[in-house]
Amino acid sequence: MKTVKIKDKEFGLFLPQQVIEEAIDTVAEKIKDDLSDSNPLFVSILNGSFMFASELMKRVNFPSELTFVKLSSYEGLGTTGDVKKVIGLTEDIKNRTIVIIEDIIDTGNTIDSVVKELQKEEPKEIKIATLLFKPKAMVKQVDLDYVALEIPNDFIVGYGLDYDGYGRNFPEIYKIKS
Ligand code: IMP
Ligand code: MG
């Protein structure tokens, strides 16, 4: 099996490029069926979703816009855990169909705080498109509209996802060796 080493960790091939891109084909078809007439604004969350966003948007052949945001973490006063804040969104999203493009939904905490923050600007609707979903890790109640691949609760890298900053460039996905 093909393996890669990043720093102290070994990873084995888990999802080849063809499997990933066929799953993106399927998601893109659903998005076309649902949103062709809604002039959506796709909001890609950097850094992790850059590769998924690129492949997805090549397949979105209807009028739409694409923008990129980052998330900054800060300690919420009086709350436990990190709250994520969206930075870099300059577009007016009021009454607009928004499609958030994420790399992975793990606990769901990140996407939950992003959705709540965007809701304040009164978009028409917010859809979520994620390349990967770990259903067993999810602790939040968030509807995921477009999931390319469901995966088990293992740490993975590649196709945008990193281990300590490395591995984002792999065109396939690798799983940590236990
Ligand atoms: P959540 O808030 O727990 O859903 O975490 C989402 C974020 O954690 C993702 O956007 C990733 O940046 C990171 N993450 C979760 N699981 C993995 C993984 O298996 N590999 C790399 N990053 C991950
Ligand atoms: Mg991410």
Side-chain angles (χ1 to χ4, degrees), residues 1-17 19-21 23-24 27 31 41-57 66-77 79-89 98-120 126-178:
M1 194 218 282
K2 195 176 171 193
T3 63
V4 293
K5 188 153 198 261
I6 303 176
K7 298 193 168 178
D8 54 323
K9 300 267 191 290
E10 285 231 54
F11 296 83
L13 183 61
F14 175 49
L15 297 167
Q17 185 170 4
V19 169
I20 300 166
E21 291 181 0
I24 298 174
V27 157
I31 290 176
L41 172 65
F42 289 87
V43 178
S44 167
I45 302 181
L46 294 173
N47 297 322
S49 75
F50 82 96
M51 203 174 279
F52 175 42
S54 170
E55 286 306 315
L56 182 66
M57 295 310 291
L66 169 64
T67 193
F68 295 90
V69 299
K70 280 210 157 208
L71 303 181
S72 70
S73 309
Y74 64 92
E75 292 294 321
L77 273 183
T79 62
T80 51
D82 276 1
V83 179
K84 298 280 190 345
K85 201 166 160 47
V86 175
I87 48 181
L89 185 68
I98 302 301
V99 185
I100 299 171
I101 304 180
E102 248 298 29
D103 52 356
I104 186 165
I105 313 288
D106 187 36
T107 63
N109 285 316
T110 305
I111 197 72
D112 186 60
S113 53
V114 170
V115 167
K116 283 183 176 142
E117 197 182 334
L118 296 184
Q119 287 291 9
K120 290 182 197 151
I126 297 178
K127 305 276 187 189
I128 297 166
T130 187
L131 177 65
L132 299 154
F133 175 39
K134 292 179 178 171
K136 292 209 170 73
M138 183 84 156
V139 297
K140 287 278 152 78
Q141 281 295 328
V142 183
D143 285 340
L144 304 178
D145 304 276
Y146 309 107
V147 175
L149 295 156
E150 288 195 6
I151 59 167
N153 232 346
D154 303 300
F155 189 81
I156 49 151
V157 293
Y159 221 87
L161 291 112
D162 70 302
Y163 168 53
D164 213 7
Y166 290 85
R168 294 192 195 279
N169 50 314
F170 299 142
E172 54 278 307
I173 290 174
Y174 294 84
K175 185 165 89 177
I176 197 153
K177 290 197 163 183
S178 44

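Counting convention: from 1, in listed order, for ligands and their atoms alike.
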Closest heavy-atom pair, R168 versus M51, reported as atoms and distance to 0.1 Å, is O-CE, 3.5 Å
Counting from 1 in the order shown, the ligand 1 atoms closer than 4.0 Å to a non-hydrogen atom of E102 are 10 (O)
In this structure, OH of Y159 is separated from CD1 of I24 (nearest 0.5 Å) by 3.5 Å
Quick note on ligand 1: atoms under 4.0 Å from a heavy atom of K134 include exactly 16 (N), 17 (C), 18 (C), 19 (O)
Worksheet item: G108 near ligand 1, heavy-atom distance under 4.0 Å?
Response: yes
Working note: I104 + I156, criterion side chain to side chain contact (heavy atoms under 4.5 Å, CB included); need CA distance, chi angles, decisive distance, verdict. CA-CA 10 Å; I104 186 165; I156 49 151; 4.1 Å; yes
Can D154 be said to touch ligand 1, with heavy atoms closer than 4.0 Å?
yes
Go through it in stages, so that I can follow the logic: the residues are E10 and Y174, the test is side chain to side chain donor-acceptor pair (under 3.5 Å), and I'd like the CA-CA distance, side-chain angles, deciding distance and then a yes or no. CA-CA 9 Å; E10 285 231 54; Y174 294 84; over 6 Å; no
Parallel, tilted or perpendicular: which one describes the rings of Y163 and F155, with boundaries at 30° and 60°? perpendicular
Short N or O distance, D162 and ligand 1, threshold 3.5 Å exclusive: no
Does any part of the side chain of V114, heavy atoms only, come nearer than 4.5 Å to the side chain of V69, both counted from C-beta? no
Min over I176, I156, L161, D164 of heavy-atom distance to atom 20 (N) of ligand 1 lands on I156
message: Within the structure, is a non-hydrogen atom of M138 found at a distance of less than 4.0 Å from ligand 1?
response: no
(message) Is it true that, when you exclude D164 itself, more than 12 heavy atoms of the residues, nucleotides or ligands shown sit nearer than 6.0 Å to its CG?
(response) yes
Filtering T110, V142, D112 for the heavy atom nearest atom 7 (C) of ligand 1 leaves T110
Check if K140 has a non-hydrogen atom at a distance under 4.0 Å from any atom of ligand 1.
no
